[in-house]
Amino acid sequence: MRHETRRNVRQNHLALAQKILSVALERGLVPGDHLPEQIFSEACGVSRTPIRSAFKILEEKDILQWRQEEGYFLALGSTDEIGAVIRALEDAENSVAHRILSDRAERRITDVQSVSALTRRYKVPRTSVLNALKILSKDGIVRQLPGRAWAFQPLVDSPAALEDSFDFRLIMEPQAITAPEFALDSKRAGLVREHMNAALGAGDGRLTPTIFRRIDIEFHILIAECSGNRFLRGTLAAHHRLRKASQKSAAIPDFRLKQAMLEHLEILDSLERNQFQLAADQITVHLRRSRIRKPRAANRGIPPLAKGPNRGART
Amino acid sequence: MMRAPEIAFFPEASFGAALNCVGIAQELQRQGANPVFICHAGFTGVFAEYGFKEYHLPEHPGSSAEAIADYWQEFINTHLPHFDLSPLEQLPTYVGPTWRAIVETAIAAEGDLAGLLAQIRPDAIVLDNVIMFPAIANAGCPWVRIVSCAETEISGVGVPPYLSGLAPGDDTGAFNTAYAAATRDVHRHYNAFRKRHGLTALPPGTFLESSPDLNLLLAPQAVRYERAEPLNAACFVFLEGCVRRESDYELPRFAVDGGPLVYVGFGSLGAVDTALIKRMLLVFQTIPARFLVNVGGLIEAYDVVPDNVHLASWFPQPSVIEQASLVIHHGGNNSFCEALYHGVPSLVMPYCWDGHDNAQRAQDVGVGRRINRAGWTDASLRVAIMDLLEDAPMRRHLADVARDMQSYPGTSRAAREILQLLD
């Protein structure tokens, strides 16, 4: 049990280390730049103690450099280098649950699995697989079937699933805002705003689809969790967790990434002014723009097969 | 204050044309012009995502999403077997019916297109298509033709016939005769349409004239044909491809480590052949490389994906190819030029239209290899991939090609030429 707790703490610090690097990337930090504990504590919304532990992990991996009486400094610089480190950290964090989820999201394993098959695939003890499945079942990603098999629930991992996700969100997200007693968590909102501004201000090419996706989910979970309706709150937050679990960073042109981020900021402005109906309308526009998807098939002389965009534009 | 020149792009409803135009429009915008897009229903939002204003041709009754889906199902059922045929055999089965569809699309779009052009009042129109729309010729401003399928679109001595997949010097008699027969009726129909709108008739087999102002050919030096009579340099400009800027591509995590990266994309039409792609995945599984495979909208058709394969519905292709060691594609000019621009060899598996010409050319000039859709075996595909991955002389040649192309980016040359038209 104690071992399990220590492992969890380490996992949290690894996750925080990833977040610190994402923030450094968003803010366009270059090698030699100082990382003040206080600033990162505010940016990540945690106290300075865990920040220090996460800095320590990054130092062990030669990503940060410790200077006596000065603090921590960035040792790596390019987006590619930092991106690679973030991925490596994810691998370090790579619990069996994470690997199972990742393989399912990539369709490398089918939607019904036995513990034995997973044990063989990952070459880990049976108990590790069972623990992993328990973790995933808490988020509603798998469920145990009668007998020994486990079934994955649908992920947001195909154009059709994405369409359904947008349909669902178009109904629920404006409602989450207009339901009575929406209460914006202003501290979290301030943090999300800061992340968005930093990402927008970081310069061309710095706002990558992965960074966008992280901030996007953070923003939409904030809206869900501030809703006054307990059921909307739970259902929407669970859906955003599923989106996060699906692990797909869509290839979106830079222009749209920035435009979508600005739309988030406008929605936050309206929420902070208690203009809930306006914010609900803005989130509808935002979701409609975001759902526009490329035609499924297009060729000369033949009408494009384009269920998403047309439906989005007309409804 | 002078207003920025307004350039109206009208690409055909295919991604190749659409994305070429995005590349040129991005550059025009940088050079101070205001590019806008006229687009077919169904391409809604594709250009807006890059920050360009869109004007939409309206959908016509009977073109609901469901009707189009049915049409596509019918199209696939009818034409999938035709893609295994030779270019000559495709003339009556695929090329003739496709020209018929293209002509009918042009006739249906004419009134709406004229209306949109009257609304936009552009300073110039850029047409990336294979057919002329009278509304463009009659718009009262210069128009630019983008030749984006293959150089063979502009005929000449030394250039094989368009869509033939033949090499220079091959006997063209049988192909030319069959092409004339396959297009005779639809061409007559098209000329009658032109006449109704005040345009002169075009010679048999030709559906689009050269622009009197400017024609941009997306044919890099490395793959150009030797023409007995050079084209008039005053209005024909060759471009070193037309590669657009895309957001960076972050590689996904594979369940295996290392190995060269191979990008596989057959265009949105090619993606409908899921059976063929599934067969290929089984071969990829045996190769020590990582494969990124564009499966269009049909990702749900795939159950078990090998550990060294990542599937997605859309890739920012230029950013992906930049990181790849090999591109397997259908011979679309865009994919071909992007591979050349980044010095990456092509394994071309054409299924129709200009893909045949580009596949032949890739093999002829030593920048890739052709493999037929029909008749490949697991072993022959594997050998073709491994050979290209290990072909050091080809890679050195391609490095030179890439350096040349990147020194003269087609997008900025195109933008400059278009703006000069307005001086």
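In what follows, chains are A, B, ... by sequence order, proteins preceding strands, each numbered from 1.
Within the 4.5 Å cutoff, the side chain of Asp307(B) has heavy atoms near those of the Arg121(A) side chain. Under the 4.5 Å side-chain criterion, counting only non-hydrogen atoms from C-beta, Val304(B) is in contact with Thr110(A). Contact check for Arg107(A) versus Glu300(B): side-chain heavy atoms found under the 4.5 Å cut-off.
Residue Cys39(B) does not touch chain A at all, counting heavy-atom pairs closer than 4.5 Å. In this structure, no portion of Trp99(B) lies under 4.5 Å from any heavy atom of chain A. Residue contact with chain A, scored on non-hydrogen atoms closer than 4.5 Å, is absent for Ala312(B). Interface remark: Ala69(B) contributes backbone and side-chain atoms alike to the contact with chain A (heavy atom separation under 4.5 Å). Only the side chain of Trp72(B) comes within contact range of chain A, with heavy atoms under 4.5 Å apart. Of the atoms belonging to Ile131(B), not a single heavy atom falls under 4.5 Å from chain A. Heavy atoms of Asp70(B) lying under 4.5 Å from chain A are absent altogether. In this structure, no portion of Asp111(A) lies under 4.5 Å from any heavy atom of chain B.
Once rounded to the nearest 0.5 Å, the distance linking OH of Tyr50(B) with CZ of Arg256(A) reads 13.5 Å. Remark: Glu246(B) CD to Asp254(A) CG distance equals 8.0 Å, nearest 0.5 Å. To the nearest 0.5 Å, atom CZ of residue Phe254(B) and atom OG of residue Ser102(A) are 11.0 Å apart. Distance CG/Leu162(A) to CD1/Ile299(B): 11.0 Å, rounded to 0.5 Å. A distance of 7.5 Å separates CD1 of Ile211(A) from CD of Glu250(B), quoted to the nearest 0.5 Å.
Note on Asp303(B) versus Arg108(A): no salt bridge recorded, every NZ/NE/NH1/NH2 to OD/OE distance being 4.0 Å or above.
Taking both residues in full, the closest heavy atoms of Asp103(A) and Ala255(B) are given as OD1-CB, 4.0 Å, listed atom of the first, atom of the second, then distance. The two residues Glu49(B) and Pro253(A) come nearest to each other via the heavy atoms OE1-CD, 3.3 Å.
Annotation for Arg30(B): atom CZ counts as buried by contact number, over 12 foreign heavy atoms lying within 6.0 Å. By the neighbour-count criterion of 12 heavy atoms within 6.0 Å, atom CG of Asp257(B) is sparsely surrounded, having that number or fewer from other residues, nucleotides or ligands.
The backbone N or O of Ala298(A) sits less than 3.5 Å from a side-chain atom of Ser268(B), completing a donor-acceptor pair. Formation of a donor-acceptor pair under 3.5 Å by the Ser247(B) side chain with backbone atoms of Thr208(A) is not found in this model.
Chosen from Val103(B), Val305(B), Leu311(B), Val46(B), the residue pairing most often with chain A at heavy-atom distances under 4.5 Å is Val305(B).
In this structure Asp281(A) satisfies the side-chain hydrogen bond (donor to acceptor under 3.5 Å, both in side chains) test together with Gln277(A), sequence neighbours excluded.
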Only pairs under 3.5 Å count here: list side-chain donor-acceptor contacts from residues 10-17 of chain B, not counting sequence neighbours, and write none if there are none.
from: Glu12(B); atom 1: OE1; to: Arg300(A); atom 2: NE; distance (Å): 3.4
from: Glu12(B); atom 1: OE2; to: Arg300(A); atom 2: NE; distance (Å): 3.2
from: Glu12(B); atom 1: OE2; to: Arg300(A); atom 2: NH2; distance (Å): 3.0
from: Glu12(B); atom 1: OE2; to: Ser14(B); atom 2: OG; distance (Å): 3.2

